[in-house]
Amino acid sequence: MSVLDAPAGTAPGRDSTSSGEGLVPVFVRLKLTLVRNGLRQSAGRRAAYITSVALALLIAAGQLIALIALRGNAHADSLVVLLAGVLAAGWTVLPLFFPSGDETLDPSRLVMLPLRPRPLITALLMASLVGIGPLFTLCLAAGSVIAVAQGTAGAVFAVVAAPLTLLVCVALTRAVATANTRLLTSRKGRDLAVLSGLLIAVGFQVVNFGAQRLGRAGGLSTLDPVADVVRWLPPASAIGAVDSASQGSYGQAAVQLLLSVAALLALLWLWQRSLVKLMTAPDGSTLATAEPNREKAGKGGSKLSALLPQGRTGPVMERSLRYIARDPKTKAAWVTALAVGLIVPMFNALQGTGSLYFACFAAGMLGMQMYNQFGQDTSAFWMVAQTISSTRDAYLELRARALALLLITLPYTIAVTVVTAAVLGDWDALPGVMGLSFAMLGAMLATGAVASANFPYSIPQDGAFKNVAPGQAGLAWISIFGGMISSALLCAPVIVATIWLYVADMEQWLWLLLPSGAVYGALISWAGLRLAAPRTANRLPEILAAVSKG
């Protein structure tokens, strides 16, 4: 029965379909239908989905076995409690920044349906339990409670704690996503994507830094002070309740479990409140900007044009720089690259065990921005295509885009390398690292230009954080990872020369890698642009069709 098939004269929400029991199977089937229809779009999409499912299940099985193996360890409770806290943080942040795998994360699509908030929340919550993420979380929760459950009381609390942990995580995701739906889907709100790259980059490095410090500190016992606090925070308190019950502290266990139950009820209430506001209040998140701001932006553009080369190169560079400054998805990609390029070498340097060659991450991350150059234009690429009538036009277009990228990449790469060398005090290796970075950057500009011509894909504009149109995931993987492998092969001469100088104990000649790496990078980038230009000119209709798909 469809949610729209209410009999005449029946108040919306009073029939069986609007009840929690009637909506749950409908929304579960809807979720499964969305997944099935998405997989039907292309063989590449099916292959990517099946591969991701297999990898997720493999990792989940490995984590489950590892957690069960911790059973009996004196400090296993600290680890599993912190693991629950990390899971909750991940469910809060990651689906908010990457909701493309679940179309139902946007409840504004249901505004016109005759549904009441309370049964709708129940149905959405049940539908949210269908997927790879919930299964992965349930495996970790089950392994966590098995690791600490002892005796009958521990087993009873474990049966409740594992699904309760999953429900709190899912409800937390839904409450946060619903509260920010209009902000994240508005034009200005999509600028929050910039924070996603920074948070994820910092988060991964913090986890890496913490894991290394944990290994040097002598084991799981160092987790106890933090775990003593986290075990009282939902949903980690549910896992802590299992450990408390196993130790005979039944009162403490009951309080910890009730904290998670109270958190679940509070999240459901907040979710319902946000849902009512979303479906009844007008949307004012896309109001036009004030006219003085537009005039200011226009004046800024004229000043920028005066600093750029004349002819075709200047306007193309200005367009690319405006994309970086104004387009939310392009800005997010750049912020992520800038953050990772600095954080990776600095975190390793601050630990005292890093190498200056980690500074090459800056060139590598920023060089990736050359890939899918035409995809960032989306359907507006047809205007660019009108100006390309020959191989020379295509070459000038690609060269200008590469120069715009170099305006940011070159000084940033130099700055990161110098700062990292200052922290490490390793000035002797600075010229070699700089030369290798220049060669890597040139190789990625070359392969990025070729990949942009051969494997263009669309960046959808309807979803705030969908970076690949359905059915084009395979093209994106081939473009990025194929280009990275090709870039590494193109850098092989400089890499081999660097290794040989160290093996031959000739570090005093490392300074030669700076000019040679710069020249090699310039030549290889020029060759890549020359190779991509005729391909771009000849494939304009195919490129336009690919980038306009989203």
Side-chain angles (χ1 to χ4, degrees), residues 20 63 67 70-71 73-96 117-118 121-122 124-126 128-129 133-134 136-180 203 220 223-275:
Q63 294 293 325
L67 289 170
L70 284 175
R71 185 176 175 84
N73 188 291
H75 304 284
D77 59 311
S78 298
L79 177 62
V80 297
V81 163
L82 292 178
L83 178 61
V86 172
L87 280 175
W91 273 93
T92 304
V93 177
L94 294 182
L96 185 63
R118 186 169 298 176
I121 285 174
T122 303
L124 286 174
L125 183 62
M126 294 299 104
S128 301
L129 299 178
F136 183 85
T137 303
L138 184 60
C139 289
L140 294 185
S144 297
V145 297
I146 293 174
V148 296
Q150 301 287 341
T152 304
V156 171
F157 273 83
V159 171
V160 179
L164 180 60
T165 300
L166 174 60
L167 289 174
V168 172
C169 289
V170 174
L172 184 59
T173 292
R174 287 292 187 172
V176 174
T178 302
N180 293 278
L220 298 177
L223 299 176
D224 291 344
V226 181
D228 289 340
V229 177
V230 176
R231 69 174 63 249
W232 292 97
L233 303 177
S237 61
I239 307 297
V242 179
D243 178 62
S244 298
S246 300
Q247 302 299 327
S249 303
Y250 303 121
Q252 178 176 318
V255 172
Q256 290 174 314
L257 193 64
L258 287 175
L259 284 174
S260 290
V261 173
L264 176 60
L265 295 177
L267 289 170
L268 292 176
W269 179 79
L270 291 172
W271 183 10
Q272 178 179 339
R273 186 177 179 181
S274 299
L275 195 62

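The basis for the numbers below is simple: all heavy atoms, side chains too, and nothing from hydrogens, waters or symmetry mates.
Phe136 is listed as a side-chain neighbour of Leu140, based on a closest heavy-atom distance under 4.5 Å. The side-chain heavy atoms of Ile146 and Leu67, taken from C-beta on, include no pair separated by under 4.5 Å. Counting heavy atoms from C-beta outward, Asp77 and Arg231 have side chains that approach closer than 4.5 Å. Within the 4.5 Å cutoff, no side-chain heavy atoms of Asn73 are placed close to those of Leu79.
Scanning all heavy atoms of the two residues, the minimum distance from Leu124 to Arg174 falls at O-NH2, 3.8 Å. Shortest non-hydrogen contact noted between Trp271 and Leu125 is CH2-N, 3.7 Å. For Val145 against Ala161, the heavy-atom pair with the smallest separation is CG1-CB, 4.1 Å. When all heavy atoms of Leu164 and Ala238 are compared, the closest pair comes out as CD2-CB, 4.2 Å. Of all non-hydrogen atoms in Ala263 and Pro234, the two that sit nearest each other are CB-CB, 3.5 Å. Taking both residues in full, the closest heavy atoms of Tyr250 and Ala245 are given as CE2-O, 3.6 Å, listed atom of the first, atom of the second, then distance.
At least one donor-acceptor pair closer than 3.5 Å links the side chain of Ser246 to the backbone N or O of Val148. Side chain of Thr173 to main chain of Trp91: a donor-acceptor pair is present (N/O by atom type, distance under 3.5 Å, no hydrogens or angles). Listed for the Ser237 side chain is a donor-acceptor partner under 3.5 Å among the backbone atoms of Gln256.
Remark: Gln272 pairs with no residue by the side chain to side chain donor-acceptor pair (under 3.5 Å) rule, at least two apart or across chains.
Here the straight-line distance linking atom CG of Leu265 with atom CG of Leu270 works out to 11.0 Å at 0.5 Å rounding. Once rounded to the nearest 0.5 Å, the distance linking OG1 of Thr122 with CG of Leu268 reads 7.5 Å. Taken from OG in Ser144 to CG in Asp243, the straight-line distance is 11.5 Å, to the nearest 0.5 Å. Rounding to the nearest 0.5 Å gives a distance of 11.5 Å between OG of Ser244 and CD1 of Ile239. With values rounded to the nearest 0.5 angstrom, Leu166 atom CG is found 10.5 Å from Leu264 atom CG. Atoms CG and CG, on Leu87 and Leu172 in that order, are 11.5 Å from each other to the nearest 0.5 Å.
Dense packing is recorded around CZ of Arg71, with more than 12 heavy atoms of other residues, nucleotides or ligands lying under 6.0 Å away.
Residue pairs that meet the salt bridge (charged side-chain N to carboxylate O under 4.0 Å, His left out) test with at least one member in residues 246-261, sequence neighbours left out, do not exist here.
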